[in-house]
Amino acid sequence: MAVKLKRIGIFVKDMRKALDFYRMLGVEIPESADEENHVEVEHNGLRLAVATRESAQVVYGGWEEPSGYRFELAFQCDSREAVDELYRQLTEHGHIGHRGPFDGFWGERYAIVQDPDGNLISLVA
């Protein structure tokens with residue numbers, strides 16, 4: 001039996017705010033998707049699904065607000081300077097910075113921001 005990862009899904013409070021955030025990270029999402037309850041797009045060979053919490057209730061038969069950090073999405077930037085610039089743009093746009101740019105001991109430039117639903121999103125180079 002072959003099993004493959006099909007998609008990464010994120011449940012959100014406000015579809016437009018969430019999609020605007022991911023657009024700032026370079027994910028191409030049509031503006032018409034802002035009014036949808038479920039959106040799937042391909043980005044660099046991965047499928048990203050963004051769905052409202054109401055959709056989660058239908059799929060899972062309910063919804064419980066998660067607590068704590070559950071996953072990491074990491075977005076690759078072209079350079080160390082690009083990490084710093086994207087972090088600056090996101091935080092100036094009102095998104096919460098979780099950890100400002102730093103050089104990790106593993107050799108990557110790293111920064112972490114929160115998406116509109118509090119998920120931690122890493123920016124790396």
Side-chain angles (χ1 to χ4, degrees):
M1 169 177 50
V3 178
K4 299 186 301 185
L5 178 63
K6 181 176 180 178
R7 74 179 146 253
I8 297 168
I10 302 170
F11 293 106
V12 302
K13 289 180 192 175
D14 184 310
M15 183 65 83
R16 185 192 54 75
K17 284 183 182 179
L19 296 182
D20 283 346
F21 175 83
Y22 289 100
R23 287 179 184 119
M24 288 186 74
L25 294 173
V27 180
E28 293 183 24
I29 306 167
E31 296 292 326
S32 60
D34 290 356
E35 304 303 319
E36 300 294 328
N37 287 324
H38 179 92
V39 176
E40 281 192 37
V41 294
E42 190 164 323
H43 183 72
N44 295 328
L46 295 173
R47 289 205 63 77
L48 177 66
V50 181
T52 61
R53 293 174 178 190
E54 293 78 16
S55 293
Q57 291 174 344
V58 171
V59 172
Y60 298 127
W63 173 260
E64 292 182 31
E65 186 71 31
S67 64
Y69 309 125
R70 304 265 179 184
F71 67 89
E72 173 198 30
L73 292 181
F75 285 80
Q76 180 75 40
C77 297
D78 292 336
S79 66
R80 292 168 147 7
E81 296 79 19
V83 168
D84 296 2
E85 178 61 18
L86 183 54
Y87 180 86
R88 184 192 62 74
Q89 288 175 5
L90 289 165
T91 55
E92 284 182 359
H93 198 263
H95 298 291
I96 297 170
H98 182 78
R99 186 163 183 198
F102 67 98
D103 292 321
F105 68 88
W106 56 92
E108 285 184 313
R109 183 71 171 166
Y110 219 86
I112 305 168
V113 296
Q114 291 183 22
D115 77 2
D117 291 279
N119 298 308
L120 297 183
I121 309 299
S122 298
L123 312 173
V124 302

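Looking at every heavy atom in both residues, Glu108 comes nearest to Arg80 through C-NH1, 3.7 Å. Of all heavy-atom pairs between Met15 and Ala33, the closest is CG-O, 3.8 Å.
Under a hydrophobic-cluster definition in which Ile, Leu, Val, Met, Phe, Trp and Tyr are linked whenever side-chain heavy atoms come within less than 4.5 Å, directly or via other members, Phe102 and Leu86 are assigned to different clusters. Following chains of ILVMFWY side-chain contacts shorter than 4.5 Å, one cannot reach Val59 starting from Leu48, and the two form parts of different hydrophobic clusters. Residue Ile96 is not grouped with residue Leu19 when hydrophobic side chains (ILVMFWY) are merged at heavy-atom distances under 4.5 angstrom, including chains of intermediate members. Both Val124 and Leu120 are part of a single hydrophobic cluster, where members link through side-chain heavy atoms under 4.5 Å apart.
Listed for the Arg7 side chain is no donor-acceptor partner under 3.5 Å among the backbone atoms of Val41.
In this structure, the side chains of Leu123 and Leu25 come closer than 4.5 Å at one or more pairs of heavy atoms.
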Using distance only, find each side-chain donor-acceptor pair of residues 109-119 under 3.5 Å and give its atom names and separation, not counting sequence neighbours.
residue, atom, partner, partner atom, Å
Arg109, NE, Asp84, OD1, 2.9
Arg109, NH1, Asp103, OD1, 3.2
Arg109, NH2, Asp84, OD1, 3.0
Arg109, NH2, Asp84, OD2, 3.1
Tyr110, OH, Glu72, OE2, 2.3
Tyr110, OH, Ser122, OG, 3.3
Asp115, OD1, Asp117, N, 2.8
Asp115, OD1, Gly118, N, 3.1
Asp115, OD1, Asn119, N, 2.9
Asp115, OD1, Asn119, ND2, 3.4
Asp115, OD2, Tyr22, OH, 2.7
Asp115, OD2, Asn119, ND2, 3.0
Asp117, OD1, Lys13, N, 2.8
Asp117, OD1, Arg53, NH2, 3.4

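Within the structure, the ring pair (Phe, Tyr, Trp, His ring centres under 6.0 Å) test picks out the following pairs touching residues 65-88 (sequence neighbours left out): Tyr69-His98.
Taking His38 as the reference, nothing meets the ring-ring contact (aromatic ring centres under 6.0 Å, His included) condition, with sequence neighbours excluded. Qualifying ring-ring contact (aromatic ring centres under 6.0 Å, His included) partners for Phe11, counting only residues two or more places apart in sequence or in other chains: Tyr60, Trp63. Not counting sequence neighbours, the partners of Ser79 by the side chain to side chain contact (heavy atoms under 4.5 Å, CB included) test are Glu81, Ala82. For Glu64, there are no salt bridge (Lys or Arg N to Asp or Glu O under 4.0 Å) partners two or more places apart in sequence or in a different chain.
In the displayed structure, Glu35 atom CD is contacted under 6.0 Å by at most 12 heavy atoms of other residues, nucleotides or ligands.
Of the inter-residue distances, the one linking Leu90 atom CG with Glu85 atom CD reads 10.0 Å to the nearest 0.5 angstrom. Of the inter-residue distances, the one linking Asn44 atom CG with Glu42 atom CD reads 9.0 Å to the nearest 0.5 angstrom.
The pair Lys17-Asp20 does not meet the salt-bridge criterion, since no charged nitrogen lies less than 4.0 angstrom from a carboxylate oxygen.
For the side-chain contact (heavy atoms from CB on, under 4.5 Å) with Val50, the lone residue among Val12, Asn37, Ile29, Val27 that qualifies is Val12.
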